[in-house]
Amino acid sequence: MKDTGNTDSRKSKNWTEPKERSSLSELNHSMKVPSKGSTFRKFLAFVGPGYLVAVGYMDPGNWATDIAGGSQFGYSLLTVILLSNLMAVLLQSLASKLGIVTGHDLAQACRSQYSKPVTIGLWILCELAIAACDLAEVIGSAIALKLLFGIPLLYGVLITAVDVLLILLLQHKGFRAIETLVIILVLTIGACFGVDLWLSKPDMGSIFAGFIPTADLITDHQKLYLAIAILGATVMPHNLYLHSSIVQTRQYENSEKGKRQAIRFSAWDSTIALTLALFINASILIVSAATFHKAGMTEVADISDAYYLLAPLVGTTLASILFAVALLASGQNSTLTGTLAGQIVMEGFLNIKLPPWLRRLITRLIAIIPAVIVTIIFGEKGTEELLILSQVILSLQLPFAVIPLVKFTGDKKIMGTFVNPVWVKILAWSVSALIVVLNLFLIYQSILG
């Protein structure tokens, strides 16, 4: 069948320029998809990328915002978590579609469509977002190592930095090895919080009420600040670049039929994975609300404080141990995917020709150096206070990734017959507008404050 998506995309500005390499060239189309068999068997071949993306939606930055939100405002910010997750499902499906249809990840697409100054600007903003995200991820892992084994925070940061490079060596065993490790760690996080949720005995009526939005989400500056931090921690800009690349690890048929099948299965994969992330995010906030807020401890925002206070409030040390184990699994998972995202962003925006190991080392150093500096200067208390700020930085950068994504996938010259239908365009641009408005409102209130 004629590849109409690629044919139409040649009409777009600079889209015909050949790529020097594919996204993650050493892994591109490395995993076979069965041409025969049941729909379920074919779907299983696409399971994996969604979980790597979902990792970013349950990283230590989410923990900081969810703990703070639950302790201060009880269950009321659950509606923000739900809204953010629904937005994430839409945006991640668009990211995977862009990669499958065009063969370009989002960073490569930006380089192809925009001028060099704009491309460099977008790259710098994305690197800042990854550094802010990695600050939360590395510090979260280091805090978990300190809580579980008494390892000093700085040493924990360095251990995390080296550990993720060792994990990335799994790529020599194929991308499925990385995906398997990630899925195991995600299930570990889910199991730990499932037990903690049961131990905390939350009020079910309050949980359901928390999913209903209220006006004070906008009028209360502190609640709005946390709401946008949750948004930034949930809908992560670098995940859009990551997803548009790693979906191309599958050997889907290069035809309209093959691409439509790949788009459908990738959307299923990411939706299921993000639903699990929603459960984990909501569980963190619910546990915080059911323990700290209920006990009148409305100022609990630090992960370490939550760890030490959880056991006496729940009545068993098991709750704190599971909390720390889940935090360690979350930090390790998110640093791994963050390093991959950094590699994709650098390759896509700059088209740098470097050996894979050197590209990973550079992207890791860009992210790890700020974490080390902050840890040395501010210590444990200061780093934990910066976790929420790092998520706000992510949210402020989000429009610079979302708007190009929505624009590209809604452009028929780029997407051909795969262009977003009208209802998706309206929904996607509405989400983009909401993100921009919330960020502008936060800046406005911060200036007044």
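The residues of the chain are indexed from 1 along the displayed sequence.
Looking at Ile284 and Met58, their side chains never come closer than 4.5 Å, going by heavy atoms from C-beta outward. Contact check for Phe175 versus Leu52: side-chain heavy atoms found under the 4.5 Å cut-off. The closest side-chain heavy-atom distance from Ser266 to Ile100 is below 4.5 Å. The shortest side-chain heavy-atom distance between Val195 and Leu199 falls under the 4.5 Å cut-off. In this structure, Val182 and Leu185 have side chains that are not in contact, with every pair of non-hydrogen atoms separated by 4.5 Å or more. Proximity of Glu179 to Val47: side-chain heavy atoms (C-beta onward) are nowhere separated by under 4.5 Å. Looking at heavy atoms from C-beta onward, Val314 lies out of side-chain contact with Asp196 at the 4.5 angstrom threshold. Contact of the Leu313 side chain with the Met297 side chain is registered, since non-hydrogen atoms from C-beta on lie closer than 4.5 Å.
Separation of atoms NZ (Lys407) and OG1 (Thr409) is listed at 10.5 Å; rounding is to 0.5 Å. Expressed to the nearest 0.5 Å, how far CG of Asn351 lies from OG of Ser112 amounts to 11.0 Å. From Leu276, atom CG reaches atom CG of Asn281 across 10.0 Å, with rounding to the nearest 0.5 Å. Atom OG1 of Thr291 is separated from atom CD1 of Ile67 by 9.0 Å, given to the nearest 0.5 angstrom. Considering CG of Leu217 and CG of Leu77, their distance stands at 6.0 Å, rounded to 0.5 Å. Distance OG1/Thr275 to CG/Asn85: 6.5 Å, rounded to 0.5 Å.
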Review point. Going through the distances and angles, do Lys412 and Phe418 end up as a side-chain contact (heavy atoms from CB on, under 4.5 Å)?
Key: CA-CA 8 Å; Lys412 190 171 183 179; Phe418 298 94; over 6 Å; no
Exercise for review: Test Ile272 against Tyr51 for side-chain contact (heavy atoms from CB on, under 4.5 Å), laying out the working first.
Suggested key: CA-CA 9 Å; Ile272 293 170; Tyr51 290 86; 3.6 Å; yes
Review point. Could you go step by step and tell me if Ser76 and Lys223 meet the side-chain contact (heavy atoms from CB on, under 4.5 Å) rule?
Key: CA-CA 9 Å; Ser76 62; Lys223 186 174 282 191; 3.4 Å; yes
Exercise for review: I would like to know whether Leu98 and Leu94 meet side-chain contact (heavy atoms from CB on, under 4.5 Å); could you show each step before the answer?
Suggested key: CA-CA 6 Å; Leu98 177 70; Leu94 295 183; over 6 Å; no
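Of all heavy-atom pairs spanning Ile207 and Leu78, the tightest one is O-CD1, 3.6 Å. Residue Ser334 comes nearest to Gly331 through the heavy atom pair OG-O, 3.2 Å, listed as atom of the first residue, atom of the second, then distance. Closest heavy-atom contact between Glu127 and Val345: OE2-CG1, 4.1 Å. Shortest non-hydrogen contact noted between Ile189 and Ala326 is CG1-O, 3.7 Å. The shortest non-hydrogen separation linking Val325 to Cys192 is CG1-SG, 4.0 Å. Here the shortest heavy-atom pairing between Pro399 and Ile435 reads CG-CG2, 3.8 Å.
For NZ of Lys294, the number of neighbouring non-hydrogen atoms (other residues, nucleotides, ligands) closer than 6.0 Å is 12 at most.
Pairs passing the ring-ring contact (aromatic ring centres under 6.0 Å, His included) check and including a residue from residues 311-336, sequence neighbours excluded, read Trp63-Phe323.
Listed by chain and number, the residues in a ring pair (Phe, Tyr, Trp, His ring centres under 6.0 Å) with Phe292 amount to none (sequence neighbours excluded). In this view, Phe279 satisfies the ring pair (Phe, Tyr, Trp, His ring centres under 6.0 Å) rule with no residue, not counting sequence neighbours.
Within the 3.5 Å criterion, the main-chain N or O of Val300 finds a donor-acceptor partner in the side chain of Ser71. Remark: the backbone N or O of Thr219 is not paired with any side-chain donor or acceptor of Asp216 at under 3.5 angstrom. At least one donor-acceptor pair closer than 3.5 Å links the side chain of Gln108 to the backbone N or O of Asp105. Listed for the Ser320 side chain is a donor-acceptor partner under 3.5 Å among the backbone atoms of Tyr307. Judged by distance alone, with hydrogens and angles left aside, the side-chain atoms of Asp269 form a donor-acceptor pair with the main-chain N or O of Gly50 at under 3.5 Å. Within the 3.5 Å criterion, the main-chain N or O of Ile151 finds no donor-acceptor partner in the side chain of Lys146.
Taking the six-membered ring wherever Trp is involved, the centroid distance between the rings of Phe400 and Tyr241 does not fall below 6.0 Å.
Partner of Gln92 under the side chain to side chain contact (heavy atoms under 4.5 Å, CB included) criterion, out of His243, Lys97, Met87: His243 alone.
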